[in-house]
There are 2 protein chains.
Amino acid sequence: MAGDIPDIVIGRLPIYLRALTHMAAEGESLTTSSHDLGRRLGISSAQIRKDLSHFGEFGKQGTGYNINYLFEQLRQILHLDQEWPVVLVGAGSIGHALAYYQGFKHRGFEIRWIFDNDPSKIGQDMNGMIVQDMSILAELIVDEGVQVAILAVPAAAAQQNTDLLVKAGIRSILSYAPINLAVPPEVHVRYTDPVVQLQRMTYYLD
Amino acid sequence: MAGDIPDIVIGRLPIYLRALTHMAAEGESLTTSSHDLGRRLGISSAQIRKDLSHFGEFGKQGTGYNINYLFEQLRQILHLDQEWPVVLVGAGSIGHALAYYQGFKHRGFEIRWIFDNDPSKIGQDMNGMIVQDMSILAELIVDEGVQVAILAVPAAAAQQNTDLLVKAGIRSILSYAPINLAVPPEVHVRYTDPVVQLQRMTYYLD
DNA sequence: TAGATTGTTAATCGATTAACAATC
DNA sequence: TAGATTGTTAATCGATTAACAATC
C-alpha cells in the first residue's frame, strides 16, 4: 500500500505541513480548504485533494479541513510524531550554520552529534556539542541506532564519508556536497546545492 | 523557441554541468556518452539525449560527447558565460556560511553585497564585505542592476524583504526562509529548506 | 569495416486537471 | 435549505523510455 504512493506526492507533504503550521500560528481560522491551501502554495486544489486522498479522508464536504487535525495526520504519515536524532558530518561553515540553526526544533529533528576529521576542529564546542573525531563515527551510529545524517564536507570527501555512513546503518542523508553520491537503493539521499538552484534560474535571465 | 523548453529539463542541466566538471577534473577521458553520464547521475541515457536535443546536436555517433565542448555549450545555454553578481540579504548564521562559501567561485556567481537590519551586525566584515543597512538595499540593486538575490532572513521577515527585492528589480531569488513566497510571474524563486528535505525522507523510515 | 552511440520518433508511462455526485 | 467543498473518476496533459536508422 505505502510503497505505491508516488515519491513526488511524498515530496509535497512537508510543504503542506509547513503551510498548515503557519496557518495555525496565524490563527485566523480553525479550518482551511484545498482551494485556500492551493492558492498559498501555487498548487491546484485538485492536486491537493488527490495527494491527500492517497492516505485517507481528512476533510468534510462544505467546510474543508480542520487545520490542526490535518497537521497531525500529515505529521504521522511522515513519521514526524517522534524526534529523529541527526548526526552532522562536517564542522566547516555550513556545518556550523546547521549546528546553530533553530529551525530543526519542533519540526521533528535534532542534531545531536557533530563530527570532523580536522584536528583543529575536534574538541570545539558548537551550540553545546563537542566536535568529535571521525574515527568514532561508525561506532556511534551503530550504538545509538542513528538513521539520519547531514553531510557537510567537501566534495572530495563526500563519497567516502557516505560509504562510511551507509555501512554504519544510516538510511537518510541530506548532502551539502556538490556531487552526486552513489548509495544502495534502500538509502535515501537528498541534495542541497545553492549553485545548482541559482544556475537553474539564470537560464531565464538575459 | 526557448520558452517551450520544460523547466524540468532546465533543472537537470546544472546537474549535467556539475558532472562534466568532475569528469574534466578527473581527466580520464576527453569524451563521455549519454550512457556514461546517465550511470553517474542515475538518469537514463535516453533522457539525457532527449534533454540535450532541445538545444542542439552536441555529440557524435560512435564517440559520444566531448566533455569540454558540452560543458561550454551548457554554460552558454544557462547564461553562465558571465559572472552574476549576487546580493545576500541576511547576515545570520546561514548568511555567514554563504558569505564564506567557496563554491560560488567559478560556477558563475559572486556574492558582492550583504545586508541586514540588525544594528549589531551592520558594519561587520564578512569575507571582505561590510554588512550594510537594509535602508540602502533598493538603491543599490537599481544602481548596480543586480538581478540575483539570496534571502537568508527569518520567515517572519521573508515576504516583506521579497517585496522589496522584487520592487527594486531582482528577478531570481534563492530563499532559505521556510515559507512560500508570493512573487509576480516574471520573478523566479527557488527554495532551500533542509527540514523539508529531511521530512521527505523520514516517510520511508520506520 | 565493425562496433558504438547519437538524435529522433513513437509508444508508454505517470502526473495533473476538470468535472461532478455526494454530502456537510 | 442553499452554498460550499470534499473525494474520486475519467480525460488530458506532459514526461520518460524504447527502439532504431543514421553515421562516426
Side-chain angles (χ1 to χ4, degrees), chain A residues 1-16 19-20 23 28-74 77 180 200 203, chain B residues 1-16 19-20 23 28-74 77 185 200 203:
Chain A
M1 194 61 121
D4 66 0
I5 293 170
D7 183 63
I8 198 164
V9 172
I10 306 300
R12 282 189 291 264
L13 301 187
I15 305 293
Y16 299 163
L20 290 166
M23 288 172 166
E28 285 188 13
S29 170
L30 293 177
T31 62
T32 183
S33 65
S34 58
H35 180 79
D36 181 32
L37 206 41
R39 193 175 28 75
R40 280 183 174 250
L41 300 176
I43 291 176
S44 79
S45 61
Q47 179 160 84
I48 289 172
R49 293 198 302 280
K50 189 93 205 288
D51 284 352
L52 297 178
S53 75
H54 285 100
F55 304 96
E57 307 191 355
F58 307 118
K60 270 207 191 97
Q61 286 102 323
T63 56
Y65 304 91
N66 177 288
I67 290 171
N68 286 324
Y69 177 73
L70 183 55
F71 177 82
E72 271 311 316
Q73 293 300 308
L74 290 180
I77 291 166
N180 263 75
R200 183 174 181 165
Y203 172 77
Chain B
M1 195 59 123
D4 65 1
I5 293 169
D7 183 62
I8 198 165
V9 172
I10 305 299
R12 282 190 291 264
L13 301 186
I15 305 293
Y16 299 163
L20 291 165
M23 289 173 166
E28 284 187 14
S29 169
L30 293 176
T31 61
T32 184
S33 65
S34 59
H35 181 79
D36 181 33
L37 206 42
R39 193 174 30 74
R40 283 183 172 249
L41 300 177
I43 291 175
S44 78
S45 60
Q47 179 160 84
I48 289 173
R49 294 197 302 279
K50 189 93 206 287
D51 283 353
L52 297 177
S53 76
H54 285 101
F55 304 97
E57 307 191 354
F58 306 118
K60 271 207 190 98
Q61 285 103 324
T63 55
Y65 303 92
N66 176 288
I67 290 171
N68 286 324
Y69 177 73
L70 183 55
F71 177 82
E72 271 311 316
Q73 294 300 308
L74 289 180
I77 291 165
R200 184 174 179 163
Y203 172 76

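No experiment lies behind these values; they were computed from the predicted model shown. Protein chains get the first letters and strands the later ones, always in sequence-line order, with residue 1 at the start of each. Values reported hereafter were calculated over all heavy atoms of this structure, with side chains retained and with hydrogens, waters and symmetry mates removed.
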message: Can you give me the dot-bracket string for DNA chain C, 5' to 3', counting Watson-Crick and G-U wobble pairs with both distances under 3.5 Å, using [ ] for crossing pairs and | for partners on another strand?
response: ..||||||||||||||||||||||
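- Rounded to a whole Å, the CG atom of B/Asp36 is 15 Å from the C1' atom of C/dT6.
- Side-chain contact between A/Phe58 and A/Leu74 is absent, with no heavy atoms from C-beta onward closer than 4.5 Å.
- A 6.0 Å sphere centred on NE2 of B/His35 holds no more than 12 heavy atoms belonging to other residues, nucleotides or ligands.
- From A/Leu37, atom CG reaches atom OH of A/Tyr16 across 7.0 Å, with rounding to the nearest 0.5 Å.
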- request: Any chance you could list the contact pattern along nucleotides 15-24 of chain D? Use B for base contacts, S for sugar-phosphate-only contacts and - for none, protein heavy atoms under 4.0 Å, 5' to 3'.
  value: SBBBB--BBB
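- Between the CZ atom of A/Arg39 and the P atom of D/dT5 there is a distance of 11 Å, given to the nearest Å.
- Applying the salt bridge (Lys or Arg N to Asp or Glu O under 4.0 Å) test to A/Arg40 and every residue at least two apart in sequence or in another chain returns A/Glu26.
- Atom OG of A/Ser33 is separated from atom CZ of A/Arg39 by 7.5 Å, given to the nearest 0.5 angstrom.
- Across B/Thr32, B/Leu70, B/Thr31, B/Leu30, a single residue satisfies side-chain contact (heavy atoms from CB on, under 4.5 Å) together with B/Met23, and that is B/Thr32.
- Residues of residues 64-73 of chain B having a heavy atom closer than 4.0 Å to DNA chain D: none are found.
- The CZ-C1' distance, from A/Phe58 to D/dT5, rounds to 17 Å in whole Å.
- Listed by chain and residue number, A/Ala46, A/Gln47 satisfy the side-chain contact (heavy atoms from CB on, under 4.5 Å) test with A/Ser44 (two or more places apart in sequence, or in another chain).
- One atom, CG of A/Leu37, and another, C1' of D/dT5, lie 14 Å apart when rounded to the nearest Å.
- Two residues are said to be in side-chain contact when any heavy atoms from C-beta on lie closer than 4.5 Å; A/Arg200 and B/Asp7 meet this criterion.
- Side-chain contact check for A/Val9 versus A/Phe55: some heavy-atom pair is nearer than 4.5 Å.
- The CZ atom of A/Phe55 sits 17 Å away from the P atom of D/dT6 (whole-angstrom rounding).
- Pairs of residues two or more places apart, or lying in two chains, that qualify as side chain to side chain donor-acceptor pair (under 3.5 Å) and include a residue from residues 61-72 of chain B are B/Glu72-B/Arg75.
- A distance of 11.5 Å separates CD1 of B/Ile77 from NE2 of B/His54, quoted to the nearest 0.5 Å.
- Heavy atoms of A/Ser45 sit nowhere under 4.0 angstrom from any nucleic acid atom.
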